[in-house]
**Q** 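Take a look at this one; I'll ask things after.
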Amino acid sequence: LTPREHEVLQLLAAGRSNGQIADDLIIGRGTVKGYVENIIRKLGVVDRTQAAVKAVQLGLVAAHPKAA
């Protein structure tokens with residue numbers, strides 16, 4: 001993954017929506033959508049949830065447990 005894709009993946013794995021990621025990184029929503037599509041393709045998964053799970057499994061991002 002590119003450095004920017006890794007940034008997007010970290011936010012995606014933290015549960016952020018494309019709109020929230022766009023706001024956080026000050027980029028367009030369409031740009032985020034493209035990054036998410038690239039991430040999904042590169043990780044060999046079918047959706048953003050599986051991308052987040054695989055990223056945690058591979059150690060690309062830290063798991064973010066929900067607060068009780």
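Keep in mind it's a predicted model, so treat the numbers as computed, not measured. Every heavy atom of this structure was used, including side-chain atoms; hydrogens, water molecules and symmetry mates were not.
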**Q** I'd like to check N18 versus R48 (side-chain heavy atoms, cut-off strictly below 4.5 Å). Are they in contact?
**A** yes
**Q** Can you measure from OH (Y35) to CD1 (I21) and round to the nearest 0.5 angstrom?
**A** 12.0 Å
**Q** With sequence neighbours left out, write down each residue that passes side chain to side chain contact (heavy atoms under 4.5 Å, CB included) with V53, or none if nothing qualifies.
**A** Q57
**Q** Is there a side-chain contact between L11 and V32 (heavy atoms, below 4.5 Å)?
**A** no
**Q** For A55 and L9, which heavy atoms make the closest approach, and how far apart are they?
**A** CB-CD2, 3.6 Å
**Q** Restricting to side chain to side chain donor-acceptor pair (under 3.5 Å), what partner residues turn up for K42, sequence neighbours left out?
**A** E5
**Q** Quick one: list whatever passes salt bridge (Lys or Arg N to Asp or Glu O under 4.0 Å) with E37, sequence neighbours left out.
**A** none
**Q** What residues form a side chain to side chain contact (heavy atoms under 4.5 Å, CB included) with I26, not counting sequence neighbours?
**A** none
**Q** Going by the salt bridge (Lys or Arg N to Asp or Glu O under 4.0 Å) test, which pairs reach into residues 25-36, not counting sequence neighbours?
**A** none
**Q** Using the test side chain to side chain donor-acceptor pair (under 3.5 Å), find all partners of Q20 that sit at least two apart in sequence or belong to another chain.
**A** S17
**Q** Using the test side chain to side chain donor-acceptor pair (under 3.5 Å), find all partners of T49 that sit at least two apart in sequence or belong to another chain.
**A** none
**Q** Got a sec, which residues hit side chain to side chain donor-acceptor pair (under 3.5 Å) with D24, two or more places apart in sequence or on another chain?
**A** R16
**Q** Applying side-chain contact (heavy atoms from CB on, under 4.5 Å) to V8 and L25, what does each step give before you reach the verdict?
**A** CA-CA 8 Å; V8 170; L25 299 179; 3.8 Å; yes
**Q** With A52, which residues qualify under side chain to side chain contact (heavy atoms under 4.5 Å, CB included), at least two apart?
**A** L12, A13
**Q** Over all heavy atoms of both residues, which pair between L43 and L58 is shortest? Give the atoms and the distance, please.
**A** CD2-CD1, 4.2 Å
**Q** What are the two closest heavy atoms between A51 and I39, and how far apart are they?
**A** CB-CG2, 4.3 Å
**Q** Check whether H6 reaches the backbone of V61 with its side chain - one donor and one acceptor, N or O, closer than 3.5 Å.
**A** no
